[in-house]
Amino acid sequence: MNMRTETQIEEALKDKSMAQNETHPLKMRGEKVCVYYGEKQALYDVDLDVRENQVMALIGPSGCGKSTFLRCLNRMNDTIDICRVAGKITLDNEDIYDKAVDVVELRARVGMVFQKPNPFPKSIRENIAYGPKIHGLARSKADLDEIVVTSLQKAGLFEEVKDRLDEPGTGLSGGQQQRLCIARAIAVSPEVILMDEPCSALDPIATAKVEELIDELKENYTIVIVTHSMQQAARVSQRTAMFHLGVLVEEGPTDKMFTNPDDKRTQDYITGRFG
Amino acid sequence: MTDVTTGLLPSGRPNADETAKRTKARNAAEARFKLYGIVAIAIGLFFLVALLFSIITNGVGAFQQTFVKVSIPLNAEQIAAAEKSVVKTSKYRAMIEAALADKIMAAGYKTEFTDPRKLGDILSSSAAAQLREHVLANPGDAGKTIDFQFLASSRVDGYLKGRVTRAALAEDKNLDAGHLDLVDQMKADGTVVKHFNWDFITGSDASDSRPEQAGIGVSMLGSLFMMLVVLFLALPIGVAASIYLEEFAPQNRWTDLIEVNIANLAAVPSIVFGILGLAAFIQFANLPQSAPLVGGLVLTLMTLPTIIISTRASLKAVPPSIREGALGIGASKMQAVFHHVLPLAMPGILTGTIIGLAQALGETAPLLLIGMVGFIASNYPDGIADGFLHPNSAMPAQIFEWAKRADPAFYERAWGGIIILLIFLAIMNITAIILRRRFERRW
């Protein structure tokens with residue numbers, strides 16, 4: 001009786017993961033990722049899968065390596081001289097650290113939104129049009145305007161700024177600036193969007209708007225988000241990965257991670273006992 | 001009782017008396033410091049005002065010059081005879097002196113001199129050349145009587161400006177006290193006049209014997225050509241070097257070494273650059289001596305560190321989030337720098353460049369060594385290429401040259417030159433300030 005229930009549960013779980021694999025094929029995969037800043041090792045053998053059209057939340061106390069891992073996914077760490085990455089990270093089964101991979105191409109496919117809104121000190125239109133322009137995504141000015149409008153619409157910002165597209169992006173409020181940055185990332189049609197604590201500089205109302213946006217964006221994009229807010233991770237993500245001291249502690253479906261984590265450290269962190 | 005002796009309450013905090021004392025002492029120290037600051041600024045301002053006052057009082061005279069009005073009947077035969085003679089200007093001089101003597105006779109001025117040559121001493125020796133130039137340029141004037149304004153000699157000019165006295169002329173072979181009596185009479189009826197002299201600003205340097213004719217115009221052109229060389233070499237080289245060092249170069253021992261050396265170069269005395277220029281550009285590369293091209297090259301070497309340092313500082317001031325934002329949407333490093341970082345750093349770069357140029361404009365020491373001092377820059381360059389290659393002086397070198405000549409009339413011109421140089425520097429610095437104000441962005 002007992003045995004049967006267990007097998008049933010196992011079967012059910014297996015079915016669920018099979019189903020998930022079908023609707024959410026593998027997008028990015030990290031295998032034994034180690035990162036060193038000079039002599040200091042920041043990440044230890046991280047294995048993590050990111051699946052298509054899902055939101056993956058990376059949580060953990062400050063300095064645990066979650067941002068470092070995120071920045072490995074589009075090789076933003078290349079800009080740091082002393083940073084060295086070992087292991088393998090793939091995007092659609094291609095090694096992104098392969099010599100043949102052009103980092104500019106990679107970053108066009110894996111966009112990034114930063115902690116502090118950082119619009120260019122140019123007009124709203126130019127902010128969004130810049131990416132498509134340098135990647136040659138628009139054949140005409142009309143095309144470009146089209147991209148600007150749709151990107152702003154997707155970022156839920158169009159209605160608020162449609163009358164002042166030529167005013168500077170830096171004149172918007174913090175939350176609007178962050179959504180402008182998301183629109184800017186969307187404009188180059190990335191496949192994956194990385195977000196490094198995108199709401200940490202925003203007030204609760206702006207945060208709610210960005211979270212709503214993230215939820216909508218997962219229909220078309222794969223999202224990896226670093227967050228310090230447990231509630232945010234619970235609200236927006238389908239899967240959650242817990243980092244601690246450079247080690248991936250645990251990874252799983254968000255509801256399971258928040259209700260019944262396997263690792264005691266995860267439980268302690270989520271319930272606020274450390275971190 | 002214990003709190004009175006130790007000043008402490010039982011809780012360990014100072015009591016009210018003690019606190020009041022400390023507050024008073026702290027406030028007094030602050031007030032004292034503010035006073036020191038105000039005194040320091042007042043001293044600085046005092047010296048600035050004193051400096052400007054002495055420059056202006058000494059130099060303003062150079063912009064005014066004394067002229068003598070003489071009408072000369074131009075006789076075609078005399079002109080033909082003069083053009084045939086060996087020393088042409090001496091014949092023209094005789095024509096002027098004769099006309100001057102006639103005029104003195106007609107006006108009835110009292111004078112002890114009867115010799116026209118002696119009377120002519122009140123005129124500058126440049127008068128004959130001025131007459132000849134007019135005659136050659138206007139051949140149709142032969143047979144007419146033309147009104148001329150000739151420069152008065154520097155002694156007469158000095159007398160009208162209060163520099164030359166009768167007592168001083170007792171020792172002077174160029175002019176006698178009797179001349180001054182004549183000048184007084186001529187001045188009374190407007191034959192001798194003092195007015196603004198454009199030739200000081202546009203003219204060329206003159207020989208030791210005629211300070212009244214000397215102008216700073218030609219050396220101003222020399223400075224202009226040098227600044228062009230500096231601008232077109234130092235700006236691109238400096239900006240390219242800074243961008244590479246700041247944005248692309250790996251941080252290692254070599255770049256550290258380069259960085260330290262650039263900072264040191266900025267502090268190297270300019271005369272060192274002068275001797276380097278002499279060795280490298282003139283002796284080794286065989287470029288012409290005294291040419292603004294060489295001066296410009298030397299000043300480029302001197303200005304580069306200034307431009308590199310200020311450019312790097314303004315690149316550094318652009319927040320890294322702008323670079324990350326550009327990289328994050330797939331801009332290459334170069335695109336990020338040229339599309340986003342450089343435009344934001346541009347006001348700072350331009351400010352640094354203008355300050356560097358201003359510094360180069362006022363630099364004298366290196367020019368001593370490459371021969372831009374010590375000869376008379378008397379000819380305007382013919383065209384652009386000549387402007388770079390023809391021997392010339394520069395404003396500060398010209399000022400230095402005047403200051404070391406014996407005649408006090410040149411000393412006045414040195415001060416006048418300083419005023420012009422300071423006006424240029426002020427314009428450049430104000431431009432820099434306006435650029436910085438207008439284009440400065442805040443994040």
Side-chain angles (χ1 to χ4, degrees), chain A residues 38 70-71 73-82 102-122 126-137 151 168-171 177-178 180-190 193-196 198 201, chain B residues 241-260 311-351 435-443:
Chain A
L70 187 78
R71 292 169 65 95
L73 296 178
N74 72 343
R75 290 180 57 178
M76 277 305 264
N77 283 334
D78 288 12
T79 57
I80 302 168
D81 276 341
I82 55 165
D102 180 40
V103 68
V104 167
E105 283 304 306
L106 171 70
R107 290 191 194 133
R109 289 173 68 190
V110 184
M112 191 155 191
V113 175
F114 297 86
Q115 187 168 1
K116 208 170 142 253
N118 58 349
F120 302 131
K122 299 184 177 186
E126 284 174 282
N127 258 287
I128 296 180
Y130 179 68
K133 244 190 252 172
I134 58 171
H135 294 296
L137 298 183
S151 305
T170 40
Q177 286 190 15
Q178 194 60 297
L180 176 63
C181 292
I182 294 175
R184 185 176 71 183
I186 294 172
V188 291
S189 324
I193 303 176
L194 309 176
M195 299 186 177
D196 192 354
Chain B
S242 325
I243 291 178
Y244 178 74
L245 283 175
E246 196 58 44
E247 306 283 344
F248 293 93
Q251 284 292 321
N252 59 29
R253 212 176 298 163
W254 290 111
T255 46
D256 282 351
L257 192 71
I258 290 173
E259 213 162 296
V260 169
T311 302
R312 293 191 65 181
S314 40
L315 287 173
K316 222 174 254 175
V318 176
S321 66
I322 298 289
R323 293 179 186 84
E324 286 199 323
L327 294 177
I329 54 170
S332 70
K333 208 159 180 180
M334 197 168 142
Q335 284 169 332
V337 170
F338 279 83
H339 296 163
H340 298 286
V341 179
L342 201 55
L344 293 174
M346 216 56 208
I349 295 174
L350 289 181
T351 308
L435 275 177
R436 194 162 40 197
R437 285 270 164 85
R438 175 158 310 168
F439 295 109
E440 197 172 48
R441 282 179 199 266
R442 294 176 202 289
W443 288 275

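Per chain, numbering begins at 1; letters A, B, ... match sequence-line order.
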Legend entry - Residues in salt bridge (charged side-chain N to carboxylate O under 4.0 Å, His left out) contact with B:R312, at least two apart in sequence or another chain: B:E246, B:E259
Legend entry - Residues that A:D196 engages under salt bridge (charged side-chain N to carboxylate O under 4.0 Å, His left out), provided they are two or more places apart: none
Inset, instruction - Check for a donor-acceptor pair, side chain of A:N127 on one end and backbone N or O of A:F120 on the other, with a separation under 3.5 Å. - result: yes
Inset, instruction - For residues 324-343 of chain B, pull every pair meeting salt bridge (Lys or Arg N to Asp or Glu O under 4.0 Å), keeping only residues two or more places apart or in separate chains. - result: A:R71-B:E324
Legend entry - Main-chain N/O of A:R75 paired with A:R107 side-chain donor or acceptor, under 3.5 Å: yes
Inset, instruction - Could you tell me whether a side-chain N or O of A:H135 sits under 3.5 Å from a main-chain N or O of B:I329, the two making a donor and an acceptor? - result: yes
Inset, instruction - Please list, in residue-number order, every residue in residues 111-118 of chain A that has a heavy atom less than 4.5 Å from any heavy atom of chain B; write 'none' if there are none. - result: A:G111, A:M112, A:F114, A:N118
